[in-house]
Amino acid sequence: MSEAEKNIIEEEEEFTPELIDLEDEEGNTVTFEIIDGLELDDGSRYYALVPYSENEDEDIDDDEFVILKETEKDGETYLATIDNDDEYNRIGAAFLERFSEEIFGEDAE
């Protein structure tokens, strides 16, 4: 394998999306891409996800993301919805701030 081929493979691996399959309330499996994670000082961990499709023609809203909280039950880790509106709004604002910094740089306001 040439050096150029190795570089191409490494670049492809670098951009491989982190995917997770979740089941909705109706029992349907939906694939999401994890776009960011956030851990608070108290150890709580949250994830920002967007619906994923390999089909570029499929209508997916790029402006919306889902926030889920990592929880444990019976020794297993799950991602769960956030029922507390204040918590949801606070975490959503934190993700939006992070995304803004990534897109517009540290000085974005």
When the side chains of residues 29-37 are checked against the rest of the protein, which donor-acceptor pairs come out under 3.5 Å, sequence neighbours left out?
residue : atom : partner : partner atom : Å
T31     : OG1  : D21     : OD1          : 2.6
D36     : OD1  : R98     : NH2          : 2.9
D36     : OD2  : R98     : NE           : 2.9
D36     : OD2  : R98     : NH2          : 3.3

Taking distance alone, no hydrogens or angles, what donor-acceptor pairs closer than 3.5 Å link side-chain atoms of residues 67-77 to residues at least two apart or in another chain?
residue : atom : partner : partner atom : Å
K69     : NZ   : E87     : OE2          : 3.0
E70     : OE1  : Y47     : OH           : 3.1

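The two atoms that bring P17 and Y52 nearest to each other are CG-CE1, 3.9 Å, heavy atoms only. The shortest non-hydrogen separation linking F95 to A48 is CZ-N, 3.7 Å.
The side-chain heavy atoms of L79 and R45, taken from C-beta on, include no pair separated by under 4.5 Å. A heavy-atom distance below 4.5 Å is found between the side chains of I82 and Y46. You'll find the side chain of L22 reaches within 4.5 Å of the side chain of L49, heavy atoms only.
Under the 3.5 Å distance criterion, the side-chain polar atoms of N89 are matched with a main-chain donor or acceptor of D85.
If you chain together hydrophobic residues whose side chains sit under 4.5 Å apart, L40 and F99 fall into the same group. The hydrophobic cluster containing L96 also contains Y88, counting ILVMFWY residues as joined when their side-chain heavy atoms lie under 4.5 angstrom apart, directly or transitively.
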